[in-house]
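These notes concern the structure reproduced below.
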Amino acid sequence: MPAAGKIKVMEPTFTDRVKQVLKSIPYGKVTTYGQVAMRAGNYRAARQVVRVLHTSSKKEKLPWHRVINRQGKISLKPGAGFEEQARLLSKEGIPVSETGQVDLDTFLWCGDPDPFAE
DNA sequence: TTAGTGACAGGCA
DNA sequence: CTGCCTGCCACTA
């Protein structure tokens with residue numbers, strides 16, 4: 001028997017779950033950092049979601065552009081990815097104002113599409 | 001190990 | 001409407 005010491009079953013970290021959530025965001029929708037954090041298990045870990053995007057979006061293919069802040073706007077600054085995100089969103093049919101404002105009432109992904117809701 | 005980080009959120013003026 | 005402040009969390013160096 002190999003002295004396998006401790007085989008710790010590492011649960012996915014919060015960050016890993018965030019990635020999973022990001023992959024679950026449907027095309028043509030957006031969500032907020034808080035929403036992602038909430039679906040990942042901690043609505044207060046919005047800051048952590050930020051970190052995930054910072055760290056993972058550079059190495060992994062995540063729909064990071066579908067994540068905006070609670071105000072419904074792109075948090076990135078012009079010249080720091082703002083344009084790219086706005087472009088990607090508009091490409092998915094999501095109108096983006098010049099200020100980066102998106103209509104959350106229409107495009108916010110509530111995580112649970114309700115076909116009967118109007 | 002400790003300290004620092006950060007593309008937030010919410011409250012208040 | 002905007003701006004400033006605080007709380008908040010889990011990861012990274």
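Each chain gets a letter, A, B and so on, in the order the sequences are listed, and its residues count up from 1.
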### Message
Looking at A:Glu92 and A:Lys29, is any side-chain nitrogen of the basic one under 4.0 Å from a carboxylate oxygen of the acidic one?
### Response
no
### Summary
Within residues 72-91 of chain A, those residues having any heavy atom closer than 4.0 Å to DNA chain B are A:Ser75, A:Leu76
### Message
Is A:Asn42 close enough to C:dC8 that one of its side-chain N or O atoms is under 4.0 Å from OP1 or OP2 there?
### Response
no
### Query
When rounded to the nearest 0.5 angstrom, what distance separates CD1 in A:Ile94 from OH in A:Tyr27?
8.5 Å
### Task
Calculate the interatomic distance between A:Asn69 atom CG and C:dG3 atom P; express it in whole Å.
14 Å
#### Entry: Nucleotide forming a Watson-Crick or wobble pair with C:dC8, both distances under 3.5 Å
none
### Query
Should we count CD of A:Glu83 as having more than 12 external heavy atoms under 6.0 Å?
no
### Query
Within less than 4.0 Å of OP1 or OP2 of C:dT12, is there a side-chain N or O belonging to A:Thr55?
no
### Query
Out of curiosity, A:His65 NE2 to A:Leu76 CG, how far, rounded to the nearest 0.5 Å?
12.0 Å
#### Entry: Gap separating the CG atom of A:Leu22 from the OG1 atom of A:Thr31, nearest 0.5 angstrom
8.5 Å
### Query
From A:Arg17 CZ over to A:Thr13 OG1, what is the distance, rounded to the nearest 0.5 angstrom?
9.0 Å
#### Entry: Those residues of residues 23-32 of chain A lying under 4.0 Å from DNA chain C by at least one heavy atom
none
#### Entry: Length of the line joining A:Tyr43:OH and B:dA9:C1', which is rounded to integer Å
8 Å
### Query
For A:Met38 and B:dC8, what is the distance between atoms CE and P respectively, to the nearest whole Å?
16 Å
### Message
When you measure from the side-chain N and O atoms of A:Arg47 to the phosphate of C:dC8, is any distance below 4.0 Å, counting only OP1 and OP2?
### Response
no
### Query
Which value, rounded to the nearest 0.5 Å, describes the distance between A:Leu53 atom CG and A:Leu62 atom CG?
7.5 Å
### Task
Round to a whole Å and report the spacing from CD of A:Gln71 to P of C:dC4.
14 Å
#### Entry: Heavy-atom side-chain proximity of A:Leu88 to A:Trp64 below 4.5 angstrom
yes
## Note on the structure
Assign each of A:Arg44 and A:Arg51 the nucleotide of DNA chain B bearing its closest heavy atom; nearer the 5' end lies the nucleotide of A:Arg51
### Task
Figure out the CD/P separation between A:Gln35 and B:dA9, and round it to whole Å.
10 Å
### Query
Taking atom P of B:dG10 as reference, at what distance in whole Å does atom OH of A:Tyr33 sit?
14 Å
### Nearest-Å distance for atom pair CZ/C1', residues A:Arg70 and B:dC8
11 Å
### Task
Can you tell me the distance, in whole Å, between the CD atom of A:Glu60 and the C1' atom of C:dC11?
14 Å
### Query
If you round to the nearest 0.5 Å, how far is CH2 of A:Trp109 from CZ of A:Arg66?
10.0 Å
